[in-house]
> 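Have a look at the structure that comes next, please.
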2 protein chains.
Amino acid sequence: MNYPTIKEIASIAGVSANTVSRALRDESGVSPETRQLIKKIANQIGYERNVLASHLRTRQNRTIGAIIIDNSNPFYAEVLKGIETGCKARGYQILIYNTQGDYAMEEQAIRLMFSYRVRGIIIDPVPNRGEDHLRLLQERKFPFVLASHYSPEIRANWVGYDDYQVGNTLGEFLIGKGHEEILFFGGYPGDSTYDDRFAGFSAALRSHGLEPRPEQVANFQVDSDAAYRRMKLLLASPRKFTAILAYNDVAALAALKAIKEESLRIPDDLALAGVDNITMADLVEPGLTTMHLPKQEAGQVAAELLIDCIENHAPDRRIVLKPNLIVRSSV
Amino acid sequence: MNYPTIKEIASIAGVSANTVSRALRDESGVSPETRQLIKKIANQIGYERNVLASHLRTRQNRTIGAIIIDNSNPFYAEVLKGIETGCKARGYQILIYNTQGDYAMEEQAIRLMFSYRVRGIIIDPVPNRGEDHLRLLQERKFPFVLASHYSPEIRANWVGYDDYQVGNTLGEFLIGKGHEEILFFGGYPGDSTYDDRFAGFSAALRSHGLEPRPEQVANFQVDSDAAYRRMKLLLASPRKFTAILAYNDVAALAALKAIKEESLRIPDDLALAGVDNITMADLVEPGLTTMHLPKQEAGQVAAELLIDCIENHAPDRRIVLKPNLIVRSSV
DNA sequence: GTGAAAGCGCTAACAT
DNA sequence: ATGTTAGCGCTTTCAC
């Protein structure tokens with residue numbers, strides 16, 4: 001397919017390429033008549049500015065990279081949607097890359113974004129695997145924003161949730177409902193999200209004279225299958241808990257299935273709470289008590305932060321979005 | 001941020017830029033020692049090829065566009081994931097654009113992809129709104145692949161499911177379970193997916209001497225809220241059906257919630273089936289009987305088709321993936 | 001095996 | 001208000 005160029009427009013209009021360029025960019029110094037003529041011709045022959053060539057000359061473009069763990073996970077899907085919304089509002093485009101939580105892929109993704117000369121990157125980093133390439137971004141003063149997860153060792157733009165409060169609120173809520181034996185189900189230490197949620201939860205226990213116990217913590221990397229199998233195992237041995245605080249809704253819903261299969265009643269035999277408030281949390285029976293996290297908002301704010309950094313050299317910021325307790329009938 | 005160029009590598013290595021370019025592209029005509037030296041220097045100074053500049057000269061790049069309706073919808077999220085997987089395998093990158101089912105946005109998206117000089121586009125078209133820009137793509141012989149939806153008037157690459165069989169299989173299954181009054185719940189005519197599913201369903205009815213009746217069809221654009229509200233309304237008036245065949249699982253799960261709130265039992269009072277087999281279909285109670293559609297596979301095949309078109313000028317193909325009945329307890 | 005020169009499409013700087 | 005020239009970083013052509 002052959003795209004028309006400004007040269008062709010120029011020769012049709014009988015002006016120089018430069019004039020065409022200025023006319024199409026709405027730069028001053030072109031007579032209204034010429035400008036109109038040029039735009040008309042451009043429209044007629046289906047001209048589309050070659051942003052790659054334009055970038056080469058100006059070193060400016062409106063492309064950013066989004067490096068996420070898995071866009072088919074409903075949580076990340078919502079965040080990505082928000083990023084897209086935020087970018088669209090400022091005329092930016094997005095190159096995406098799924099890392100599958102693989103650290104090597106994350107590095108590859110960053111290099112790829114470099115080779116496309118994107119102006120900035122939003123990255124939901126693979127937790128707990130070192131931060132070498134994040135440090136590299138920082139050294140090069142390359143604009144980037146961390147989403148959801150952060151690294152305590154890296155001071156950078158960050159958009160996430162108050163995960164301490166997530167754990168604390170749910171802990172208090174469960175304790176308030178009379179539970180003293182609560183299983184913390186899913187996630188693993190070293191991941192900032194897990195650590196903060198667990199810290200908040202532990203604080204809630206302690207403020208009521210309770211103490212988190214090792215046998216009431218089940219650490220694993222959450223996906224639906226893993227969570228289901230783990231809960232099956234836990235239910236097969238004598239139960240040491242009356243309530244479950246799941247790392248997220250995906251884990252909670254998988255647990256829900258396992259619990260129902262054992263013919264246990266929720267919330268009577270076992271109370272259950274999750275985190276995220278994904279769409280399905282409202283559709284299952286009983287409805288899942290959970291913390292709502294503003295996922296799309298997080299993506300959108302991340303995009304805005306990044307673009308501010310790119311265009312206005314805004315200083316690093318850390319933006320904490322407030323979670324919200326959603327009480328349904330599972331507790 | 002300043003990126004090193006081949007010129008800089010050249011001056012360090014004491015060779016010409018041309019030699020550097022050839023060495024890094026693994027072209028012949030460079031001595032092994034020179035090549036090794038050049039690659040070492042490139043590595044040391046963190047060189048990343050500027051693919052934008054490269055494109056300008058070669059008119060080749062490895063970028064495609066993915067124009068989808070909404071990446072936060074679990075169905076499209078899976079398809080997008082498949083596209084990403086397929087692209088990664090062939091070294092292609094993806095620019096994404098969500099149209100929200102808005103026809104004007106779809107057109108904007110295509111122009112944007114043009115301005116980025118992407119080599120091809122995968123598009124899940126907004127159904128039922130004319131096909132002007134698809135025709136434009138065709139006239140310009142621009143490589144593109146339709147995903148899921150198609151237009152009867154456009155002969156083009158297409159990857160989708162056998163939607164007639166989807167409707168037919170579920171229709172037969174419900175009839176086989178003794179249902180003669182079946183509500184077809186969600187979607188709207190003019191959308192190829194809907195039309196094919198409904199045709200398959202109607203054929204199943206007819207082959208058993210039954211006839212689809214207007215009051216047993218509920219047309220609406222599916223999202224969770226709309227489906228929930230619609231089912232609430234339907235249940236408030238005297239029921240004219242004993243089973244529900246939902247357009248997709250999102251509609252089915254929303255219906256499930258409404259039905260439970262009326263204290264009706266599934267499948268005894270009302271049987272329910274969906275289409276898609278999203279993750280949640282297995283987690284709700286009772287498990288949802290549905291047709292499994294290979295969503296990620298569809299995305300991956302679409303990517304392969306497109307790249308074949310781009311690289312090998314492969315002729316247009318239409319690929320139909322087989323759906324699969326998943327029997328759970330909701331029927 | 002290597003280098004010099006030209007040009008992809010665009011825009012910035014300078015001229016008229 | 002408009003045109004000329006040069007150059008972004010790369011690859012291709014042609015010369016040595």
Side-chain angles (χ1 to χ4, degrees), chain A residues 1-39 41-42 45-63 93 111-119, chain B residues 1-39 41-42 45-63 93 111-119:
Chain A
M1 177 160 152
N2 272 328
Y3 293 90
T5 66
I6 51 171
K7 256 190 183 165
E8 297 171 40
I9 298 177
S11 83
I12 296 174
V15 297
S16 73
N18 183 339
T19 302
V20 174
S21 174
R22 282 206 312 268
L24 294 178
R25 277 178 299 129
D26 287 323
E27 275 241 334
S28 65
V30 185
S31 78
E33 303 82 45
T34 319
R35 191 187 301 277
Q36 211 191 342
L37 174 67
I38 288 172
K39 289 198 171 179
I41 297 172
I45 66 176
Y47 172 81
E48 292 294 342
R49 192 213 254 70
N50 184 333
V51 297
L52 286 64
S54 169
H55 160 86
L56 196 59
R57 182 66 238 240
T58 60
R59 296 156 154 290
Q60 306 272 312
N61 65 46
R62 290 178 160 259
T63 314
Q93 304 327 312
R111 299 188 46 166
L112 190 115
M113 298 302 172
F114 280 172
S115 77
Y116 272 80
R117 299 301 191 264
V118 300
R119 299 284 297 284
Chain B
M1 178 162 150
N2 272 329
Y3 293 91
T5 67
I6 53 171
K7 255 189 183 166
E8 296 172 40
I9 299 178
S11 83
I12 296 174
V15 297
S16 74
N18 182 351
T19 302
V20 174
S21 173
R22 283 205 312 270
L24 293 178
R25 276 177 300 129
D26 287 323
E27 275 240 336
S28 65
V30 185
S31 78
E33 304 81 46
T34 318
R35 190 186 301 276
Q36 211 191 342
L37 174 66
I38 288 171
K39 289 198 170 178
I41 296 172
I45 67 176
Y47 172 80
E48 292 295 341
R49 191 211 251 83
N50 184 333
V51 297
L52 285 65
S54 169
H55 160 84
L56 195 58
R57 183 65 238 239
T58 61
R59 294 154 157 292
Q60 307 272 314
N61 66 46
R62 291 180 158 258
T63 314
Q93 305 326 313
R111 299 188 48 166
L112 190 116
M113 298 301 173
F114 280 171
S115 77
Y116 271 81
R117 299 301 190 263
V118 300
R119 299 285 297 287

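Side chains are part of it too, since the values below use all heavy atoms of this structure and drop only hydrogens, waters and symmetry mates. Note on naming: letters A, B, ... go to the chains in the order of the sequence lines (proteins, then strands), and numbering restarts at 1 for each one.
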> Anything under 3.5 Å between a donor and an acceptor, one on a side chain of residues 23-31 of chain B, the other on a protein residue two or more places apart or in another chain? List them.
{"residue": "B:R25", "atom": "NE", "partner": "B:S21", "partner atom": "O", "Å": "3.3"}
{"residue": "B:R25", "atom": "NE", "partner": "B:S21", "partner atom": "OG", "Å": "3.2"}
{"residue": "B:R25", "atom": "NH2", "partner": "B:S21", "partner atom": "OG", "Å": "3.0"}
{"residue": "B:D26", "atom": "OD1", "partner": "B:K39", "partner atom": "NZ", "Å": "2.8"}
{"residue": "B:S31", "atom": "OG", "partner": "B:T34", "partner atom": "N", "Å": "3.2"}
{"residue": "B:S31", "atom": "OG", "partner": "B:T34", "partner atom": "OG1", "Å": "2.5"}

> Can you find a side chain N or O atom of B:T34 that sits less than 4.0 Å from OP1 or OP2 on C:dT2?
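Looking at the OP1 and OP2 atoms of C:dT2, one of them is under 4.0 Å from a side-chain N or O of B:T34.
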> Between A:V15 and B:Y47, which has a closest nucleotide on DNA chain D that is more 5'?
A:V15
> Taking ring pair (Phe, Tyr, Trp, His ring centres under 6.0 Å) as the test, write out the residues that go with B:Y47, two or more places apart.
none
> Just how far, in rounded Å, is P of C:dG9 from CD1 of A:I45?
13 Å
> Let me know the distance between CD of A:E48 and P of C:dC10, rounded to the nearest Å.
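Those two atoms, CD and P, are 11 Å apart.
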> Quick check for you: to the nearest 0.5 Å, what is the distance between A:N50 atom CG and A:R57 atom CZ?
15.0 Å
> NA contact type, B:S28, heavy-atom cut-off 4.0 Å: base, sugar-phosphate, or nothing?
nothing
> List in chain and number order the residues that pass side-chain contact (heavy atoms from CB on, under 4.5 Å) with B:S16, two or more places apart in sequence or in another chain; answer none if no residue qualifies.
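Once residues adjacent in sequence are excluded, the partners of B:S16 under the side-chain contact (heavy atoms from CB on, under 4.5 Å) criterion are B:N18, B:T19.
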> My understanding is that only residues two or more places apart in sequence, or in another chain, count here; which of them pass side-chain contact (heavy atoms from CB on, under 4.5 Å) with B:A13?
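For B:A13 the side-chain contact (heavy atoms from CB on, under 4.5 Å) partners, ignoring immediate neighbours, are B:V15, B:L37, B:I38, B:I41.
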> State the CE-CD distance between B:M113 and A:Q93, to the nearest 0.5 angstrom.
7.0 Å
> My understanding is that only residues two or more places apart in sequence, or in another chain, count here; which of them pass salt bridge (charged side-chain N to carboxylate O under 4.0 Å, His left out) with A:R62?
A:E311
> OP1 or OP2 of C:dG3 less than 4.0 angstrom from a side-chain nitrogen or oxygen of B:T19, does that happen here?
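Answer yes for this pair, as a side-chain N or O of B:T19 is under 4.0 Å from OP1 or OP2.
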> Measure from CG on B:N61 to P on C:dC8 and round the result to the nearest Å.
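Rounded to the whole Å, the gap is 18 Å.
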> Roughly how far apart are B:L52 CG and A:R117 CZ, rounded to 0.5 Å?
8.0 Å
> Which of residues 4-11 of chain A sit near DNA chain C, with a heavy atom under 4.0 Å from it?
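Only A:T5, A:I6 qualify.
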> Measure the distance from CZ on B:R35 to P on C:dG1 and round it to the nearest whole Å.
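Result: 9 Å.
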> Please list all pairs meeting salt bridge (Lys or Arg N to Asp or Glu O under 4.0 Å) that have one or both residues in residues 1-22 of chain B, counting only residues at least two apart or in different chains.
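As it turns out, there is no salt bridge (Lys or Arg N to Asp or Glu O under 4.0 Å) pair with a partner in residues 1-22 of chain B once direct neighbours are skipped.
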> Would you mind reading off the distance between B:L56 atom CG and C:dT11 atom C1', rounded to a whole angstrom?
13 Å
> First and last nucleotide of DNA chain D touching chain B, 5' to 3', heavy-atom cut-off 4.0 Å?
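With heavy atoms of chain B under 4.0 Å away, the range is D:dG9 to D:dT13.
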> Could you give the angle between the helix axes at the two ends of the helix from C:dG1-D:dC16 to C:dT16-D:dA1, with five pairs per end, rounded to 10 degrees?
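End-to-end axis angle for the helix from C:dG1-D:dC16 to C:dT16-D:dA1: 40°, rounded to 10°.
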> Just the table, please: protein N/O against nucleotides 12-16 of chain C N/O, every pair under 3.5 Å.
{"residue": "C:dA12", "atom": "OP2", "partner": "A:R25", "partner atom": "NH1", "Å": "2.9"}
{"residue": "C:dA12", "atom": "O4'", "partner": "A:R57", "partner atom": "NH2", "Å": "3.4"}
{"residue": "C:dA12", "atom": "N6", "partner": "A:N18", "partner atom": "ND2", "Å": "3.3"}
{"residue": "C:dA13", "atom": "N6", "partner": "A:N18", "partner atom": "ND2", "Å": "2.6"}

> Just how far, in rounded Å, is C1' of C:dC10 from CZ of B:R59?
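That distance rounds to 13 Å.
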> What does A:S54 touch in the nucleic acid at a heavy-atom separation under 4.0 angstrom: a base, only the sugar-phosphate, or nothing?
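Here A:S54 touches the backbone only, sparing every base.
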> For B:R59, check salt bridge (charged side-chain N to carboxylate O under 4.0 Å, His left out) against everything at least two apart and list the hits.
none
> Look only at the side chain of A:R119 and the backbone of A:N61, and say whether a donor-acceptor pair between them is shorter than 3.5 Å.
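Looks like yes, one N/O pair under 3.5 Å.
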> What residues form a side chain to side chain donor-acceptor pair (under 3.5 Å) with A:T63, not counting sequence neighbours?
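B:Y116.
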> Find the distance between CZ (B:R49) and OG (A:S115) and round it off to the nearest 0.5 Å.
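So the gap between those two atoms works out to 8.5 Å.
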> Please report the closest heavy-atom contact between B:A10 and B:A17, naming both atoms and the distance.
CB-N, 3.6 Å
